[in-house]
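Okay, so here's the structure we're looking at.
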Amino acid sequence: MKKYFVIGNPINHSLSPKLHNHWLKQNNINAVYEKIKLEENEIENFLLKIKNQEINGCNVTVPFKKTVIPFLDKLSSEAKQTQSVNTISFHNNNLIGHNTDVAGFEKAMIKLNYEVQDKKILILGAGGVVPSIIYVLDKMKASKIIISNRTMKKAEDLKSQFDKISIVKWGEAPDFDIIINATSLGLNNESIDLDSSNIGQGKLFYDVIYNPNETNFLKLGKKLGNQIENGKLMFIYQALEAFKLWHNVEPNVNNKVLNLLDND
Ligand code: ATR
């Protein structure tokens, strides 16, 4: 039986096993998908197990999306450009790093039917998923991408990777069309301290978090009269792309799959 994992730290809350095991069963694939918490010094050994084919592939989540890169033989173009790997496969004796967060976010924006071209975007956060989001927004021709992160240094590191972005101080809210919460604030019912006095209507509030379904950030967007969207589709589509890479099968995204991730 083939074996797949999601590696991260912490990993307890990952819903990837639920989703992948559902699709494996639905498609009669003889494989299992589990989560495993690793320390940084255990990563190299874990990846060797993929090379030995004891394990067949893995997803990578916070905080290891960059850490795994030196241990891989090849990177997809998206993984190389974002310096972020969330899926690892083994092909022709090579460990290959892919970034399916890119396709996940892009498909989620397309499904939303939201025209990103010429829009001003404010991204809150500078963590693991932000390079993928910037990459997609740039590809979709956003006119301006502004980053606001509590730790300024991390925003500046992103700026050296993506010349096009600008940076504002944490807590500032310059004019935007789309605001994206890519911090972990909201996972445990936290609010984000945003000056909402000038935000107004006609904006899109997007939260990468999908559990809870509606964070305080999204509640604020709604209260101000704006469109809101959580990160559920992004999560599902990044998993779908990984599933396709490993199994050569396109799994279904239907109501059953959407409901599977409702843990509220
Ligand atoms: P990582 O930073 O390890 O990649 P992440 O979950 O991808 O982890 O990112 C966490 C994001 O949430 C970061 O942007 C983090 O800000 P810092 O870079 O300043 O750490 C942000 N974050 C987490 N807790 C926060 C808080 N209490 N206030 C503001 N931002 C917070």
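This chain uses plain numbering: 1 for the first residue, then up along the sequence. Just the heavy atoms: all of them, side chains too, but no hydrogens, waters or symmetry mates, feed the values below.
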Return all side-chain donor-acceptor pairs below 3.5 angstrom for residues 225-233, not counting sequence neighbours, or 'none' if the list is empty.
from: Asn226; atom 1: OD1; to: Gly202; atom 2: N; distance (Å): 3.1
from: Asn226; atom 1: OD1; to: Lys203; atom 2: N; distance (Å): 2.8
from: Asn226; atom 1: ND2; to: Gly200; atom 2: O; distance (Å): 3.1
from: Asn226; atom 1: ND2; to: Gly221; atom 2: O; distance (Å): 3.3
from: Asn230; atom 1: OD1; to: Lys232; atom 2: N; distance (Å): 3.0
from: Asn230; atom 1: ND2; to: Asn213; atom 2: O; distance (Å): 3.0
from: Asn230; atom 1: ND2; to: Asn213; atom 2: OD1; distance (Å): 2.9
from: Lys232; atom 1: NZ; to: Leu258; atom 2: O; distance (Å): 2.7
from: Lys232; atom 1: NZ; to: Asp262; atom 2: OD1; distance (Å): 3.0

Measuring from atom [atom1] of [X] to atom [atom2] of [Y], what distance do you get when rounded to the nearest 0.5 angstrom?
X	Y	atom1	atom2	result
Ile50	Phe90	CD1	CZ	9.5 Å
Glu78	Asn86	CD	CG	10.5 Å
Ile145	Leu122	CD1	CG	11.5 Å
Lys107	Met234	NZ	CE	13.5 Å
Asp101	Thr87	CG	OG1	7.5 Å
Lys223	Phe205	NZ	CZ	11.0 Å

Do the side chain of [X] and the main chain of [Y] share a donor and acceptor less than 3.5 angstrom apart?
X	Y	value
Gln238	Phe235	yes
Ser196	Ile199	no
Asn56	Lys3	yes
Thr100	Ala103	no
Glu34	Val6	no
Asn99	Val102	yes
Asp195	Ser197	yes
Asn149	Lys154	no
Gln83	Lys80	yes

Any side-chain heavy-atom pair from [X] and [Y] closer than 4.5 angstrom?
X	Y	value
Lys2	Val32	no
Ile96	Leu75	no
Asp157	Lys153	yes
Phe217	Leu124	yes
Ile134	Ile147	yes
Phe243	Asn27	yes
Ile146	Ile121	no
Phe5	Lys35	no

Among Asn93, Asn94, Asp73, find the residue that satisfies the side chain to side chain donor-acceptor pair (under 3.5 Å) test when tested with Lys51.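 Among Asn93, Asn94, Asp73, the one that satisfies the side chain to side chain donor-acceptor pair (under 3.5 Å) with Lys51 is Asp73.
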Which donor-acceptor pairs under 3.5 Å do side chains of residues 7-14 form with protein atoms, sequence neighbours excluded?
from: Asn9; atom 1: ND2; to: Leu38; atom 2: O; distance (Å): 3.1
from: Asn9; atom 1: ND2; to: Glu39; atom 2: OE2; distance (Å): 3.4
from: Ser14; atom 1: OG; to: Ser16; atom 2: N; distance (Å): 3.2

Would you say [X] and [Y] are hydrophobically clustered, going by side-chain heavy atoms of ILVMFWY under 4.5 Å?
X	Y	answer
Val129	Leu158	yes
Met140	Ile165	yes
Ile178	Leu194	no
Ile123	Val62	no
Leu72	Phe46	yes

Apart from Leu187 itself, what residues make up its hydrophobic cluster, given side-chain heavy atom links below 4.5 Å?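 Other cluster members: Ile209.
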Only distances under 3.5 Å count here; give the side-chain donor-acceptor pairs of residues 249-257 to other protein atoms, sequence neighbours excluded, each with its distance to 0.1 Å.
from: Asn254; atom 1: OD1; to: Lys256; atom 2: N; distance (Å): 3.3
from: Asn254; atom 1: OD1; to: Val257; atom 2: N; distance (Å): 3.1

Counting only heavy atoms not in [X], do more than 12 sit closer than 6.0 Å to its [atom1] atom?
X	atom1	answer
Asp193	CG	no
Glu54	CD	yes
Lys244	NZ	yes

Could you check His20 against Tyr4 for side chain to side chain contact (heavy atoms under 4.5 Å, CB included), going step by step and ending with a plain yes or no? CA-CA 9 Å; His20 278 273; Tyr4 298 84; over 6 Å; no
Inter- and intrachain pairs under salt bridge (charged side-chain N to carboxylate O under 4.0 Å, His left out), touching residues 111-134, at least two apart: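 Qualifying pairs, neighbours excluded: Lys120-Asp175.
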Listing request: all salt bridge (charged side-chain N to carboxylate O under 4.0 Å, His left out) pairs with a residue in residues 158-172, at least two apart in sequence or in separate chains.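 Those involving residues 158-172 are Asp138-Lys164.
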Full working for side chain to side chain contact (heavy atoms under 4.5 Å, CB included) between Leu260 and Leu15: CA-CA 9 Å; Leu260 209 61; Leu15 292 178; over 6 Å; no
How close do [X] and [Y] get, heavy atom to heavy atom, and via which atoms?
X	Y	answer
Val85	Gly97	CG1-CA, 3.8 Å
Lys65	Val60	CE-O, 3.4 Å
Ala242	Asn59	CB-ND2, 3.7 Å
Cys58	Leu47	SG-CD2, 4.3 Å
Trp23	Ile236	CH2-O, 3.7 Å
Ser191	Asn216	OG-ND2, 3.1 Å

is_close_aromatic(His98, Trp246), centroid dist under 6.0 Å: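 Not under 6.0 Å, so no.
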Are the aromatic rings of Phe64 and Phe71 close, with centres under 6.0 Å apart?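 Between Phe64 and Phe71, the centre distance exceeds or equals 6.0 Å.
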Please assess Phe105 against Leu137 for the test side chain to side chain contact (heavy atoms under 4.5 Å, CB included), listing each intermediate value before the final yes or no. CA-CA 9 Å; Phe105 184 65; Leu137 294 172; 3.9 Å; yes
The test is side chain to side chain contact (heavy atoms under 4.5 Å, CB included); show your working for Glu214 and Lys222 and say whether it passes. CA-CA 10 Å; Glu214 211 173 287; Lys222 200 186 206 175; 3.2 Å; yes
Check the side chains of Glu156 and Ser160 for a donor-acceptor pair under 3.5 angstrom, ignoring hydrogens and angles.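 No, no side-chain donor-acceptor contact under 3.5 Å.
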